[in-house]
There are 2 protein chains.
Amino acid sequence: MDRRPLRPAAKAAAARRLIRAAGERLTAPRAAVLAVLLEARSALTHHEIEATLATTFPVDRVTVYRVLDWLVALGLAHRIPGEDRSWRFGASRAPAHGPHAHFTCTRCGTTVCLEDVAVPPAVKLPRGFRPQKVELTVQGLCAACR
Amino acid sequence: MDRRPLRPAAKAAAARRLIRAAGERLTAPRAAVLAVLLEARSALTHHEIEATLATTFPVDRVTVYRVLDWLVALGLAHRIPGEDRSWRFGASRAPAHGPHAHFTCTRCGTTVCLEDVAVPPAVKLPRGFRPQKVELTVQGLCAACR
DNA sequence: GAGCCCGGCGCAACCGGATTGCATCTGCGC
DNA sequence: GCGCAGATGCAATCCGGTTGCGCCGGGCTC
């Protein structure tokens, strides 16, 4: 949030660096998709990612899906289930991120990650249930839609 | 959670009463769907609802969807977006329920509503954003899947 | 209790996001 | 430069959800 927007080229370099650092195979689609995520100020749907790439470096629909899954598995991105039954993806700030919070605009669907959120309190679960991940979702209107 | 299971018949009567009380048209499918939700100890997918009804009172797929939407609009049920890209529905305990918490099992997908959860702390949003609803989702393993 | 009418129901077709199968291509270790 | 495991692209497919439309029946009227 509120990070200063670097030039796309810088993001592209960062994307390549991240993939290399992960010891994974560096391919053009992977770098391109990750760069898009790094540049975005909000979580993007698969469709938005594909549309963004279309102008600069067209990547097959299916490949985008696969790259996204791969990024999620690698921990470089995370996937947010939306109200509209489609995934949204955002670059992970921290390598391993704990409790996570998101804001979704009920009007335009824009989803952003809230970085500075107090860790939600320990939740009381039914007997025998084991918590693994806690997610806080806030719905409302974004600044543009008000 | 942990409410004692009444007999199906009792739930069916309760369902009819709720629909009547809402001043809405009472039909067999509506009562049947609502009864299923009232009986369930967890939030159900459309598929589970349909399957449950199949043995006792088969209802058309589309009708189930429409009844569910109608119940949600009426406030008698609420809809939870799942990790598997399908809605889950649960009967609303309180007429108008504020902050809501859910637990989803990452293994079997079972989703339950957590009733007694401390209201999440006020979340700090970006400038100009207006919150409307807060949802807390806990993922982990349910007692059966551990 | 019978008739009427509006809204709910069932059927079938459809939509779009996501997934799978498979042949081809390519990053990168040697 | 070579080779191969793994990534890409294309087409077909799946599946949860939605829409259009004609028929049916809940509940109000008389």
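Naming: A, B, ... by sequence-line order, numbering from 1 per chain. Predicted, not measured: the structure shown is a model, and the values here were computed from it.
Within 4.0 Å of A/T63, counting heavy atoms only, lies at least one base atom of the nucleic acid. Heavy atoms of B/W70 sit nowhere under 4.0 angstrom from any nucleic acid atom. Here A/R66 lies in heavy-atom contact (under 4.0 Å) with a base.
The number of heavy-atom neighbours closer than 6.0 Å to CZ of A/R146, taken from other residues, nucleotides and ligands shown, is above 12.
Between the CG atom of A/D69 and the P atom of C/dA18 there is a distance of 10 Å, given to the nearest Å. Atoms CG (B/L68) and C1' (D/dG17) sit 12 Å apart, rounded to a whole Å. One can place CD1 of B/I19 at 12 Å from P of C/dG8, the figure rounded to the nearest angstrom. Between the C1' atom of C/dG17 and the CZ atom of A/R88 lies a distance of 13 Å, rounded to the nearest Å. Atom CZ in A/R30 sits roughly 15 Å away from atom P in C/dT26 (whole-Å rounding). In this structure, B/L74 places its CG atom 14 Å from C1' of C/dG8, rounding to the nearest Å. Atom-to-atom, CD of A/E83 to P of C/dG17 comes out at 17 Å; the value is rounded to the nearest Å. Rounded to an integer number of Å, the gap from CG of A/D60 to C1' of D/dA11 is 10 Å.
Close to D/dG17, at under 4.0 Å from its OP1 or OP2, lies a side-chain N or O of B/Y65. Note on A/R61: every side-chain N or O is 4.0 Å or more away from OP1 and OP2 of D/dG9. The phosphate of C/dT19 (OP1 or OP2) has a side-chain N or O of B/R85 nearer than 4.0 angstrom. Taking side-chain N and O atoms only, A/T27 has a distance below 4.0 Å to OP1 or OP2 of D/dT8.
Nearer to the 5' terminus of DNA chain D, by closest-nucleotide assignment, is the contact made by B/H46 (compared with the other of B/A28 and B/H46). Where B/L26 and B/H47 each meet DNA chain D at their nearest nucleotide, the meeting point lying more 5' is that of B/H47. Residue-to-nucleotide proximity on DNA chain C shows that, of A/E24 and A/R79, the 5′-proximal contact is made by A/R79.
Relative to the side chain of B/V62, the nucleotides D/dG9, D/dG25, D/dG20 differ in distance, and D/dG20 lies closest. Of the candidate nucleotides D/dG27, C/dG17, D/dT8, D/dG27 has the atom lying nearest to any side-chain atom of B/R20.
In this structure, the side chains of B/C113 and B/H100 come closer than 4.5 Å at one or more pairs of heavy atoms.
B/H46 places a side-chain N or O within donor-acceptor distance of the main-chain N or O of B/R61, the cut-off being under 3.5 Å.
The CH2 atom of B/W87 sits 13.5 Å away from atom CD1 of B/I49, with the distance rounded to the nearest 0.5 Å.
When only modelled atom types and interatomic distance are considered, B/T106 and A/Q132 share a side-chain donor-acceptor pair under 3.5 Å.
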